[in-house]
Amino acid sequence: MKLTVFYGTETGNAKGLAQKVAKKGEKNGVEVDIVDLASSEVSVLESIDHPFVVIISTWDDGAPPPKCVPFCKALAETDLSLTGKQYTVLALGDTEYPLFCECGKQVDARLSALGAEAVMPRTDLGADFMVSYIGWSKNFWKTMAKVYGVKK
Ligand SMILES: Cc1cc2nc3c(=O)[nH]c(=O)nc-3n(C[C@H](O)[C@H](O)[C@H](O)COP(=O)(O)O)c2cc1C
């Protein structure tokens, strides 16, 4: 079983969570690739033949993390088909901002519009993400066990 975790970050929070997913995956016998969206092409999604997670934060006025702007722009403009791909989005943000987790919401909507299937609904985490991540992780690995037979 293989899993790819894409992350988009400015100050490292999303990367830190991606590393936690990978660590837990290792324990559960899953091979996890971690990929930085700042240096990814949208076409990489087309070649994926296993589930993927996107962990991405939101920056000024609901924008992507600055280094992920090219990826998010390309995702918004592409017409590639992601039918048959399975994913979930973990969005990071802060409820103090009017456009809470907007980037994660847009990435989720776009992946779905391109035909990918959300194996688990998007989760939006606020400033307490280190604590609320624990609940997400439990649900995520429960889903991985149910859908793919991964051990928990
Ligand atoms: C200048 C600034 C702008 C931000 N803008 C938003 C925003 O518009 N919406 C939101 O939900 N969170 C916003 N945040 C909160 C970040 O998304 C949050 O701190 C997140 O955990 C950062 O994750 P990262 O380190 O992976 O980039 C902002 C934070 C800063 C410092």
Side-chain angles (χ1 to χ4, degrees), residues 1-28 30-48 50-78 80 82 85-114 116-144 148 150 152:
M1 172 73 198
K2 205 170 164 182
L3 177 75
T4 295
V5 183
F6 294 99
Y7 69 86
T9 189
E10 179 62 12
T11 53
N13 296 339
K15 183 179 183 181
L17 295 189
Q19 287 166 337
K20 278 175 175 283
V21 175
K23 210 167 170 189
K24 181 79 177 155
E26 263 170 42
K27 276 191 193 156
N28 294 357
V30 176
E31 188 188 334
V32 184
D33 279 346
I34 300 183
V35 179
D36 187 351
L37 290 176
S39 49
S40 289
E41 304 276 335
V42 159
S43 55
V44 76
L45 299 174
E46 215 174 7
S47 57
I48 271 191
H50 52 266
F52 63 94
V53 181
V54 180
I55 307 179
I56 192 161
S57 62
T58 293
W59 282 76
D60 306 285
D61 296 324
K67 281 178 271 181
C68 298
V69 168
F71 178 91
C72 290
K73 192 168 178 287
L75 185 67
E77 290 169 356
T78 186
L80 60 80
L82 297 182
K85 315 289 177 192
Q86 295 187 309
Y87 78 99
T88 193
V89 172
L90 180 59
L92 293 192
D94 190 329
T95 51
E96 294 292 313
Y97 292 89
L99 292 172
F100 177 54
C101 287
E102 180 64 19
C103 177
K105 287 175 185 172
Q106 289 193 9
V107 167
D108 182 29
R110 196 63 199 136
L111 291 173
S112 172
L114 293 170
E117 178 200 355
V119 277
M120 181 177 148
R122 189 194 70 248
T123 299
D124 302 334
L125 303 184
D128 66 343
F129 68 91
M130 285 301 267
V131 176
S132 45
Y133 169 80
I134 297 165
W136 177 86
S137 180
K138 278 190 184 141
N139 278 340
F140 176 71
W141 290 107
K142 213 188 267 178
T143 302
M144 294 296 280
Y148 306 106
V150 169
K152 278 187 281 176

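Numbers for residues simply follow the sequence, beginning at 1. Both counts, for ligands and for their atoms, begin at 1 and track the order of listing.
Not a single ring-ring contact (aromatic ring centres under 6.0 Å, His included) links Phe71 to another residue, sequence neighbours left out.
Side-chain atoms of Asp108 and Tyr87 include a donor-acceptor pair closer than 3.5 Å.
For ligand 1, the protein residues within 4.0 angstrom (heavy atoms only) are Thr9, Glu10, Thr11, Gly12, Asn13, Ala14, Ser57, Thr58, Trp59, Asp60, Asp61, Gly62, Leu92, Gly93, Asp94, Tyr97, Leu99, Phe100, Cys101.
Thr58 contributes no side-chain N or O that, together with a main-chain N or O of Gly93, makes up a donor-acceptor pair within less than 3.5 Å.
Considering only heavy atoms from C-beta on, Gln106 stays 4.5 Å or farther from Arg110 through its side chain.
The number of heavy-atom neighbours closer than 6.0 Å to NZ of Lys20, taken from other residues, nucleotides and ligands shown, is 12 or below.
For the atom pair CG (Leu90) and CZ (Phe129), the distance works out to 10.0 Å, reported to the nearest 0.5 Å.
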